[in-house]
Protein chains: 2
Amino acid sequence: MTTYHHGDLRAAVLAAARKMVEKEGLAGLSVREAARRAGVSHNAPYRHFADREALLAALVAEGFEQLNAALENRAGRELGEAYVAFALQHPQRFRLMFSGPRGNAELQARFADSFAALGADADAAGAAAWSLVHGLAMLILEGRLASSPAFVRKVLGAMRFAAAPQRSA
Amino acid sequence: MTTYHHGDLRAAVLAAARKMVEKEGLAGLSVREAARRAGVSHNAPYRHFADREALLAALVAEGFEQLNAALENRAGRELGEAYVAFALQHPQRFRLMFSGPRGNAELQARFADSFAALGADADAAGAAAWSLVHGLAMLILEGRLASSPAFVRKVLGAMRFAAAPQRSA
DNA sequence: TGCCGCAAGTTGACAATGGCAACATGAGCA
DNA sequence: TGCTCATGTTGCCATTGTCAACTTGCGGCA
């Protein structure tokens, strides 16, 4: 299912695409260019990805896996800092994750995974925490706020939960 | 300086572009299509905008003006809610503003304008407040959090400043 | 008043892209 | 040994951004 003529084209194309996106962002990804870099003809990728969107979606999925891993076994302040740190380490990827192809089932699932950690969704406190770190990350990436770890710590420390922060587990 | 052959092409193209972006987002904007809708030849817009990016940038500038207006004379909780409300009312535009052409001088200026209101920049508390509302807006637009005004209020109410919130003016 | 320059628009061309359709190839099973 | 179907390939098309060269007509100047 993986290795036929090429060896593992799907992975090769994905890798090429990853590089392109990491360097130039969403707009920098061209299916044809990815094919070129993988050493195949311009249409070969379409055997593995329905269209450009699908390729993007795969990249996004990858990203959420990584983010998920980066957040594992962290909680409280540490969790928030790890979240921001991830964004700063993979700016384009992070950006893509939150502005790429919307409404993807698999993607939604991974989303949930990654953020259950923050107590997300219906829980207002969790949502607030998530919003805080997410907004901070975005604004830093946008160049609107400083990116020094010290500043990040200070900002995250400037807020606290209003009521009792409900940590279930 | 404005009205020559067409009447006011710049405005017409801008209007067309605005509509396209509002309906389909960043990717939905095509210079040629905008020209078509303005009833001119495909290259006419280039007399008014250096390239696609420049057109986008103009749209972004517009957006910040509007956002600025929407935030005027508001403070505290009300400010935050207005910020989120703006994002929900102009989803694509808001998105564009924070992921469009980066590193634009004029744009930076308007940025500053819009968020001085939130006490922004070096001030950690202001940055935190901004991060909170911005993150919330983004996550709602992304479909990750509920969009009901009640929920928004609850989330914003779930956080408070850790130390004395320094409101200068 | 009549002419002319320069901004505003137009036409035509090019390379690149996403995507479709028809064809080629070779790995693995019967 | 030979067939089949996934994997790749070749050609093709419409669309797009953008450049270059040409046209048009408003407004100032002689």
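Residue numbering restarts at 1 for every chain, and letters A, B, ... go by the order of the sequence lines. Worth saying up front: this structure is predicted, and the values here are computed from it rather than measured.
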- prompt: CG of A/Leu55 versus C1' of C/dG19: gap in Å, rounded?
  reply: 14 Å

Whole-Å distance separating the CE atom of A/Met20 from the C1' atom of C/dT17: 11 Å

- prompt: Is any side-chain N of the basic residue among A/Glu33 and A/Arg37 closer than 4.0 Å to the acidic one's carboxylate O?
  reply: yes

query: More 5' along DNA chain C: A/Glu33 or A/Arg47, using each one's nearest nucleotide?
result: A/Glu33

query: Are any side-chain N or O atoms of B/Arg52 and backbone N or O atoms of B/Leu29, one a donor and one an acceptor, separated by less than 3.5 Å?
result: yes

query: What is the distance from CG of A/Leu29 to P of C/dG18, rounded to the nearest Å?
result: 7 Å

task: Using only side-chain N and O atoms of A/Ser30, determine if any of them is under 4.0 Å from OP1 or OP2 of C/dA16.
output: no

- request: Please report, rounded to the nearest Å, how far the P atom of D/dT18 is from the CZ atom of B/Phe49.
  value: 13 Å

task: Can you tell me the distance, in whole Å, between the OH atom of A/Tyr46 and the C1' atom of C/dC23?
output: 19 Å

So which protein N/O to nucleotides 10-13 of chain D N/O distances come out below 3.5 Å?
{"unit_1": "D/dT10", "atom_1": "O4", "unit_2": "A/Asn43", "atom_2": "ND2", "d": "3.1"}
{"unit_1": "D/dG11", "atom_1": "O6", "unit_2": "A/His42", "atom_2": "NE2", "d": "3.1"}
{"unit_1": "D/dG11", "atom_1": "O6", "unit_2": "A/Asn43", "atom_2": "ND2", "d": "2.9"}

field: Side-chain touch A/Phe161/B/Arg160, heavy atoms, less than 4.5 angstrom
entry: no

- prompt: Rounding to a whole Å, what distance do you find between A/Leu56:CG and C/dG19:C1'?
  reply: 16 Å

Candidate list A/Leu136, A/Val133, A/Leu145, test side-chain contact (heavy atoms from CB on, under 4.5 Å), partner A/Val152, passing option: A/Leu136

- line: A/Arg37 CZ to C/dT17 P, in whole Å, measures 11 Å

Aromatic ring pairing A/His134/A/Phe94, orientation class (parallel under 30°, perpendicular over 60°, tilted between): tilted

- prompt: Does B/Arg93 come within less than 4.0 Å of B/Glu62, counting only side-chain N to carboxylate O?
  reply: yes

message: Under 4.0 Å from OP1 or OP2 of D/dT16: is there any side-chain N or O of B/Arg36 that close?
response: yes

task: Check step by step if salt bridge (Lys or Arg N to Asp or Glu O under 4.0 Å) holds for B/Arg95 and B/Glu142.
output: CA-CA 10 Å; B/Arg95 243 196 167 74; B/Glu142 205 51 47; 2.4 Å; yes

- request: Mind calculating the distance between CG (B/Leu9) and C1' (C/dA8) to the nearest angstrom?
  value: 8 Å

